[in-house]
Each structure stands twice: as C-alpha cells, then as structure tokens.
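Here is how names work: the chains are called A, B, and so on, in the same order as the sequence lines, proteins then strands, and each is numbered from 1.
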Amino acid sequence: MADRIEREIVVDVPAQRVWNALVDPQELRLWFGEPLAIELRPGGRVRVEGGDRRFGVVEEVDAPRRLVFRWWPDRPFTVAEGSRVEVTVEREGDRTRLRIAEERLARRRLGFDARGVAVSAR
Amino acid sequence: MRRDDRVDRVFAALSDDTRRQVLRRLAEGPSSASELARQLPVSRQAVSKHLEVLGQAGLVASAREGRELLYRLTPGPFAEAMDWMAAVGSKWDVRLEALERHLRSG
C-alpha cells in the first residue's frame, strides 16, 4: 500500500529522442531544472544538485525503453525518505508515450560504504 | 510504530460513534474536554477516555492554552500521504511540461 503517483505525456517525437532527453547530461540541463547526472547501469549513481539535492542508485536500464532508479534527499546518516522512479518510453507509431511513476519507499536509515555508494542499514 | 499497528488503532478509534462525534466537533475547531462533554450526551470522564483512545491512534493532540487543555485534530497518515502525492505530482507536472517544450523546440 505504498503512496504512488503516475504521470504520462505523449509527444510527436521518436522514442530515441525522448530517451536521449532523459539520460544525456547536456540535454537534461536544458529542461530538468537542476543539474542531474545518471550513470546508466544497474548500481550506477544518480545525482541531483541545486536546490533539491538528491542522490540515488539505478536499478534497471533497458535503453531506450525503461529506466528505474531510487533516490533520496541528500541528508545522509538521518532517516531519509526515498522513492523509486520508473520511467517508461513507449513507441506509438510516430509518437512516443512517456510514463513516469514515483513510489515512496519505506523509511530506511542510510549510510555509505567505503566506495561512497549508498547502502541501507536498519 | 509499525504501520499495521497504526492502521489498527485508527480503525478501532473510528469504530465508536461517540468518538466519531468528537472528531466531527474537533473538525470545527480545537476544544477542551469539558466543552466537548457539554455538547455530547456523555460524561466528562467518558469524553476524556475517548480522547485518550483518539490520541493513541494519532488522530488528536492536545496543547495547553492558558489554563485550558485544548484538543485538536492532527493531520494523520492519510492527509500526509495526500500531501506527498500532491507535492511529488506537481514536481513531475512542471518537469514534464518543460520536457515537452524542450522536445517541441527540436
């Protein structure tokens, strides 16, 4: 019974174009609103700078169709509420349907291992 | 508190008609136990016990205002979930609007 929101848009551009806009740092800078970097592999880092700093980890990548990651507000060593974000890019003829779902995770206590990768510990 | 406990307590709290009446009165504004007892067909002691159950369920809280102890509704888990959904939902609305403009601009 997790809290979850879903949003979708349909755009008149090819799926690959939409995918690139979601993952390429140069393009992200043009629309996301804040510096966002995603290391596109399971276990890769997600980093948002600026007013709403976040860090996270990629769970799934299936380019150019699906990207799933978890992210948390950047307040380590405190109980921080994170969520899972699922991004789905679907071709519909010449158009593309982009779906975003963000679901709240249970609260966990976070720390960092020696490599600086976020791990959860209870 | 585990979430199941919280949900159980909330349901137990809401299962009593007098407690539901207390919640309805508090929805109009904070009130003391005495004032609530005046408005309801139950004793002051009974009202205090009901307020205790509602407090344990996280549905009401109290604060001292001068000489009085006033009870009020707390936002509770459902309102908090709705707040989260509204906040996160509108963040995505803003981002997706920006993405659409970006994609349309070629």
Side-chain angles (χ1 to χ4, degrees), chain A residues 1-24 26-36 48 50-52 54 70-73 79-89 94-107 122, chain B residues 1-17 19-20 22-24 26-27 53-63 72-106:
Chain A
M1 219 169 74
D3 302 329
R4 181 184 173 93
I5 58 99
E6 294 180 5
R7 294 289 189 274
E8 63 179 54
I9 56 168
V10 180
V11 289
D12 291 326
V13 297
Q16 187 65 53
R17 171 102 176 79
V18 176
W19 177 263
N20 289 346
L22 294 168
V23 301
D24 176 77
Q26 316 284 41
E27 276 208 70
L28 280 166
R29 201 170 299 148
L30 297 174
W31 67 269
F32 187 74
E34 274 143 352
L36 163 64
V48 184
D52 182 14
R54 290 165 190 249
R70 274 172 288 149
W71 61 2
W72 292 267
V79 177
E81 184 165 278
S83 26
R84 172 176 289 107
V85 177
E86 293 170 30
V87 179
T88 316
V89 178
D94 294 333
R95 315 181 80 199
T96 303
R97 183 180 299 271
L98 168 64
R99 269 192 247 264
I100 306 274
E102 183 161 351
E103 184 174 304
R104 232 169 174 178
L105 298 172
R107 283 166 195 265
R122 284 176 217 271
Chain B
M1 186 185 296
R2 282 190 314 120
R3 190 173 173 172
D4 322 350
D5 290 344
R6 179 70 181 270
V7 171
D8 287 347
R9 285 191 204 204
V10 170
F11 278 120
L14 296 177
S15 67
D16 180 274
D17 185 59
R19 287 197 285 269
R20 291 198 298 274
V22 168
L23 291 175
R24 257 175 246 133
L26 290 177
V53 172
L54 291 169
Q56 290 290 329
L59 295 171
V60 305
S62 62
R72 60 181 162 79
L73 295 183
T74 58
F78 305 116
E80 199 258 333
M82 282 165 57
D83 281 349
W84 182 87
M85 291 192 286
V88 173
S90 39
K91 275 197 175 152
W92 282 111
D93 288 335
V94 169
R95 288 173 190 143
L96 290 177
E97 248 178 277
L99 174 58
E100 260 187 298
R101 277 197 308 270
H102 167 74
L103 290 171
R104 240 181 265 134
S105 72

Might you point out which heavy atoms bring [X] and [Y] nearest each other, and give the distance in Å?
X: Ala15(A); Y: Thr96(A); value: N-OG1, 3.0 Å
X: Ile100(A); Y: Val87(A); value: CD1-CG2, 3.9 Å
X: Leu54(B); Y: Ala13(B); value: CD2-CB, 4.0 Å

Parallel, tilted or perpendicular: which describes the rings of Phe32(A) and Trp92(B), with under 30° parallel and over 60° perpendicular? perpendicular
Please look at [X] and chain B and tell me whether the side chain, the backbone, both or neither of the residue comes under 4.5 angstrom of a heavy atom of that chain.
X: Leu28(A); result: neither
X: Val10(A); result: backbone
X: Asp12(A); result: neither

